[in-house]
There are 2 protein chains.
Amino acid sequence: MTFEVLAEPVRRRILDLLRERPRLVGELTAELGLSQPGTSKHLRVLREAGLVRVRAQAQRRWYELDPAPLAEVDAWLAPYRWMWADRFDALERHLDADAAQEAAQETEEER
Amino acid sequence: MTFEVLAEPVRRRILDLLRERPRLVGELTAELGLSQPGTSKHLRVLREAGLVRVRAQAQRRWYELDPAPLAEVDAWLAPYRWMWADRFDALERHLDADAAQEAAQETEEER
DNA sequence: GAGCTATATAACCGCAAGGCAATGTTTTGG
DNA sequence: CCAAAACATTGCCTTGCGGTTATATAGCTC
């Protein structure tokens, strides 16, 4: 389940934000530039995946990170990790390839 | 893009199979228990994500793993990695929680 | 307690994703 | 050559997801 949850870019951003410090729904909504219900919906998914916890303080909800389920992702990734020799070089090569491919896809979409 | 591609359980299984050795489309189709076009469709997605490469030999296509894009996932995961103290304990706890939650969800779905 | 604040939930919409059957393409074998 | 083998692509259907607006709920404030 964790993989599906992380597939959403918005949800990864939420986790990245919560990595710094706990946040209110309102703060997240502002930083993500989406509607409040949209944010709440993503938070619900993250909650059910166990990736975030909530503390209620009056009407406010403090959302904080719970990284435990990420261990599942890490575990899946583990047997692959030795395979790319220089990890950072591989990432850079991949990102370059991405840029090239996106350009190619745009060309393709113009047909 | 890599995260979205990995969200599909079937595609993760394909990668796991290719981690052992390159395979033909037919072999994968058999092991995945899905239609041949279904398999080809997933392979196309994996190809476009740069996660697999193909070598043609007559009508046969040997698919092999290319782990490079996984570096992107690893890079995203990196700043979280220190956060779960004992990695394996965290995973076990999470998997236990999963089982409990799935049971709870089934109960919920019965309404 | 009336209204405001902060968040959750509900209802609806559009689209993309995954599945299958049918068909196209290429290469091999006889 | 012709039939079969091995894949890829196409077309179609259904489902689920992400987004928004509208509405409910809960707690604070004055």
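Every chain is numbered from 1, with letters handed out A, B, ... down the list of sequences.
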Trainee: B:Thr29 and B:Gln36: side-chain donor and acceptor closer than 3.5 Å?
Mentor: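 Per modelled atom types, B:Thr29 and B:Gln36 side chains form no pair under 3.5 Å.
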
Trainee: Hey, does the Lys NZ or Arg CZ of B:Arg12 hover above the aromatic six-ring of A:Phe3, less than 6.0 Å from the centre and inside 45° of the axis?
Mentor: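 Yes, B:Arg12 and A:Phe3 form such a contact.
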
Trainee: Whether B:Arg23 and B:Glu64 form a salt bridge (side-chain N of Lys/Arg under 4.0 Å from carboxylate O of Asp/Glu) is what I want to check.
Mentor: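 Salt bridge flag = no for B:Arg23 with B:Glu64.
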
Trainee: Take atom CZ of B:Arg55 and atom C1' of D:dA8, then tell me their distance rounded to the nearest Å.
Mentor: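 Value for this atom pair: 19 Å.
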
Trainee: Which of these, A:Val52, A:Thr39, A:Leu24, sits in a side chain to side chain contact (heavy atoms under 4.5 Å, CB included) with A:Tyr63?
Mentor: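 With A:Tyr63 as partner, A:Val52, A:Thr39, A:Leu24 yield a single side chain to side chain contact (heavy atoms under 4.5 Å, CB included), made by A:Val52.
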
Trainee: Think B:Tyr63 has a side-chain N or O under 4.0 angstrom from the OP1 or OP2 of D:dA8?
Mentor: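 Affirmative; the distance criterion is met.
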
Trainee: In whole Å, I'd like the distance from the CD atom of B:Gln59 to the C1' atom of C:dT27.
Mentor: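 Atom CD in B:Gln59 sits about 5 Å away from atom C1' in C:dT27.
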
Trainee: Are any of B:His42's side-chain N or O atoms less than 4.0 Å away from OP1 or OP2 of C:dG19?
Mentor: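 Yes.
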
Trainee: A:Arg60 CZ to D:dC28 P: how many Å, rounded?
Mentor: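 Rounding to the nearest Å, CZ of A:Arg60 and P of D:dC28 are 10 Å apart.
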
Trainee: Looking only at side-chain atoms of B:Lys41, point me to the closest of D:dG19, D:dG11, D:dT9.
Mentor: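 When the side chain of B:Lys41 is considered, D:dG11 is the closest of D:dG19, D:dG11, D:dT9.
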
Trainee: Which residues within residues 5-20 of chain A lie with some heavy atom under 4.0 Å of an atom in DNA chain C?
Mentor: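 Listed by number, there are none.
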
Trainee: Between B:Gln57 (CD) and D:dA6 (P), how many Å, whole number?
Mentor: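 So the CD-P distance, B:Gln57 to D:dA6, works out to 12 Å.
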
Trainee: Does the pair B:Arg44/B:Glu48 count as a salt bridge with the N-to-O cut at 4.0 Å?
Mentor: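 So B:Arg44 pairs with B:Glu48 through a salt bridge.
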
Trainee: May I ask you to test the A:Asp66-A:Leu51 pair for a side-chain heavy-atom distance under 4.5 Å?
Mentor: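 No; the side chains remain at least 4.5 Å from each other.
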
Trainee: Just how far, in rounded Å, is C1' of C:dT9 from CZ of A:Arg61?
Mentor: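 It works out to 13 Å between those atoms.
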
Trainee: Atom CD of B:Glu4 and atom P of D:dC17: how far apart are they, to the nearest Å?
Mentor: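 So the two atoms are 15 Å apart, to the nearest Å.
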
Trainee: Look only at the side chain of B:Tyr80 and the backbone of A:Leu15, and say whether a donor-acceptor pair between them is shorter than 3.5 Å.
Mentor: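 Indeed, once roles are kept as given, a pair shorter than 3.5 Å links the two residues.
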
Trainee: When you measure from every atom of DNA chain C, which of residues 24-37 of chain A have a heavy atom less than 4.0 Å away?
Mentor: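 Contacts with DNA chain C under 4.0 Å: A:Leu24, A:Val25, A:Gly26, A:Gln36, A:Pro37.
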
Trainee: Could you check how far CG of B:Leu43 sits from C1' of C:dG18, rounded to whole Å?
Mentor: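 It is 14 Å, rounded to the nearest whole Å.
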
Trainee: Got a salt bridge between A:Arg19 and A:Asp16, using NZ or NE/NH1/NH2 to carboxylate O under 4.0 Å?
Mentor: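 A salt bridge is present here (some side-chain N lies under 4.0 Å from a carboxylate O).
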
Trainee: Return yes if some donor-acceptor pair links the side-chain N/O of A:Arg11 with the main-chain N/O of A:Val5 below 3.5 Å, else return no.
Mentor: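 Yes: the side chain of A:Arg11 pairs with the backbone of A:Val5.
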
Trainee: Mind calculating the distance between CZ (B:Arg23) and P (D:dA6) to the nearest angstrom?
Mentor: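 Computing the B:Arg23:CZ to D:dA6:P distance gives 17 Å.
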
